[in-house]
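Residue numbers start from 1 in every chain, and the chains themselves are labelled A, B, ... in the order their sequence lines are given, proteins ahead of strands. The figures here come from the full heavy-atom set of this structure, side chains too, leaving out hydrogens, waters and symmetry mates. What you see is a predicted model, and the numbers here were worked out from it, not measured in a lab.
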Amino acid sequence: MKKNESYEEFVKGIWRDNPVFVQVLGMCPMLAVTNSAINAIAMGMASMFVLVGSSFLVSLFRHVIPKQVRISCFIIIIATFVTIADYTLLALVPAVHKELGAFIPLIVANCLILGRQEAFASRYPTRLAVMDALGMAGGFMLALFSLGAVREILGDGALFGFRLFGENFEPWIVMILPPGGFLTLGVILLFFNWFKYKKDEFLADVAEAERSGS
Amino acid sequence: MSTDTLKQPAAPSSLRLVMTLAIAGLVSGVAIIGIYESTLPTITANKARELREAVFKVLPGVSRMQALVYRDGRIVAVPEPQKDEPVVYGGYDEQSDFVGYAMPAAGPGFQDTIALLYGYLPGKKQVVGMEILESRETPGLGDKIYKDAEFVAEFSALSIEPEIVAVKKGTSTQPNHVDAITGATISAKAVVRIINETHAAWAEQLPAPGSEPPLTGEPADNGTGQ
């Protein structure tokens with residue numbers, strides 16, 4: 001039972017409540033840094049570190065932090081983790097840090113992260129909060145990666161920098177420019193909504209069949 | 001949703017609120033200082049290595065370098081240039097003979113400042129290499145100023161007098177002509193303009209060819225760190 005519960009918290013972020021495709025949160029980094037798969041992964045990892053770290057601390061101290069100052073405390077905790085991520089990336093992978101630029105410090109303003117603290121981590125035990133954070137961050141990374149991969153393949157003819165097509169491939173440059181981000185995100189959201197619509201329709205059909213059958 | 005929420009005993013005192021924030025701020029501050037202090041050496045070393053690699057790249061045949069600044073009317077070698085002081089790097093070969101200058105330059109590009117380094121041989125009045133250090137030019141278009149090998153190669157034996165001129169791709173005829181990039185004309189012209197401006201700014205200050213300051217002190221040498 002307990003195991004199922006944390007599994008459920010983990011999985012909901014990946015698919016059913018995916019922060020990008022379903023909740024449509026974190027759009028700024030989503031559109032800004034997904035012009036290549038590697039940038040998307042780096043952004044996803046940094047966000048995951050911040051989200052999991054913050055959720056853990058917020059959940060741990062949820063009985064200590066008075067609710068009048070909780071948002072300020074959440075922001076202090078988030079900002080500290082963001083700074084740690086920022087300097088660590090700068091020291092270890094300066095090239096990636098250069099590409100992501102201002103969007104690393106801006107993780108602090110990602111409403112996905114503050115949203116999870118307020119909606120989940122501050123109300124649930126630490127184990128569940130960490131599972132929820134891992135799931136949400138995993139879903140966020142999945143979304144970043146799918147956008148980044150599509151845009152890099154179409155816009156640059158490569159994935160993770162490896163050329164996929166021959167010399168004659170003419171890169172579809174608009175895909176790595178900002179409009180490409182909107183186009184790709186629009187198509188993916190369209191797919192998700194179509195999928196949800198079909199599923200609801202199917203469930204309604206099943207319910208109908210059961211009713212007429214009994 | 002079931003919650004074991006933030007149930008507080010009614011209205012905590014202001015002191016408690018203040019103390020909570022103060023402690024959170026203190027812990028956070030200590031954590032940030034800790035991470036800053038522990039990553040600073042690596043970050044500084046990375047930057048120094050990047051600069052050295054760039055200098056060796058834009059000045060072929062150079063294996064040692066030193067920082068040069070303009071003080072009291074002449075160019076002198078300094079171990080550590082002051083912050084915000086304009087600096088150029090002198091490149092020297094194995095025999096410690098002067099080869100050329102690596103000139104840091106920066107100026108507005110299409111989107112943001114482009115910072116670059118170019119190698120300059122004062123004897124031949126030639127640019128012999130160019131490396132973009134920082135730019136936010138449009139991916140796929142403007143970023144060709146460093147991703148397009150043909151464009152970068154334009155700067156490998158380029159006459160800088162009277163000045164560099166960017167011309168439409170394929171029409172370069174003179175030794176001071178650079179083929180611009182189709183679709184990234186603004187970025188390509190910005191690179192040329194930045195080099196011309198920096199050259200003009202230093203022209204008066206650099207000593208006559210042949211009287212460059214010799215390599216001094218501990219050579220800031222071949223990759224073993226400074």
Would you mind telling me which of A:I77, A:I84, A:T88, A:L92 has the largest number of heavy-atom pairs within less than 4.5 Å of chain B? A:I84
Engaged part of A:L177 at the chain B interface, taking heavy atoms whose separation is under 4.5 Å: side chain
Is there a donor-acceptor contact under 3.5 Å from the side chain of B:N46 to the main chain of A:A91? yes
Counting heavy atoms not belonging to B:Q111, are there more than 12 under 6.0 Å from its CD? yes
Could you have a look at B:G29, B:S28, B:S38, B:G25 and say which one has the most heavy-atom pairs with chain A under 4.5 angstrom? B:S28
Starting at OG of B:S14, measure out to CD of A:Q68 and round the result to the nearest 0.5 Å. 9.5 Å
Contacting moiety of A:I173, where chain B heavy atoms sit under 4.5 Å: side chain
Is A:P171 close to chain B through its backbone or its side chain, or both, or neither, when contacts mean heavy atoms under 4.5 Å? neither
Would the number of heavy atoms belonging to other residues, nucleotides or ligands and lying under 6.0 Å from NZ of B:K189 be above 12? no
Atom CZ of A:F195 with >12 non-hydrogen neighbours under 6.0 angstrom: no
Looking at B:F110, I want to see if its CZ is surrounded by more than 12 non-hydrogen atoms of other residues, nucleotides or ligands under 6.0 Å. no
Could you check if a side-chain atom of A:I76 sits within less than 4.5 angstrom of a side-chain atom of B:L21, using non-hydrogen atoms only? yes
Rounding to 0.5 Å, atoms CZ (B:R16) and CD1 (A:I65) come to a distance of 9.5 Å
Please round to the nearest 0.5 Å and tell me the distance separating atom CD1 of B:I35 and atom CZ of A:F81. 11.0 Å
Heavy-atom count around A:M45 CE within 6.0 Å, excluding the residue itself: above 12? no
Within 6.0 Å of CZ in A:F49, more than 12 heavy atoms from elsewhere: yes
Nearest heavy-atom contact between B:R136 and A:K98 is NH2-O, 3.5 Å
Can you tell me if CZ on A:F182 sees more than 12 non-hydrogen neighbours from other groups inside 6.0 Å? no
For the CH2 atom on B:W202, are there more than 12 heavy atoms of other groups (residues, nucleotides or ligands in this structure) within a distance under 6.0 Å? yes
side-chain contact (heavy atoms from CB on, under 4.5 Å) for A:Y87 and B:I43? Distances and angles first, verdict last. CA-CA 9 Å; A:Y87 279 111; B:I43 294 171; 3.9 Å; yes
Passes side-chain contact (heavy atoms from CB on, under 4.5 Å), B:T39 versus A:L90? Steps please. CA-CA 8 Å; B:T39 53; A:L90 184 57; over 6 Å; no
For the residue pair A:T83 and B:Y36, establish whether any side-chain heavy-atom pair is separated by less than 4.5 Å. no
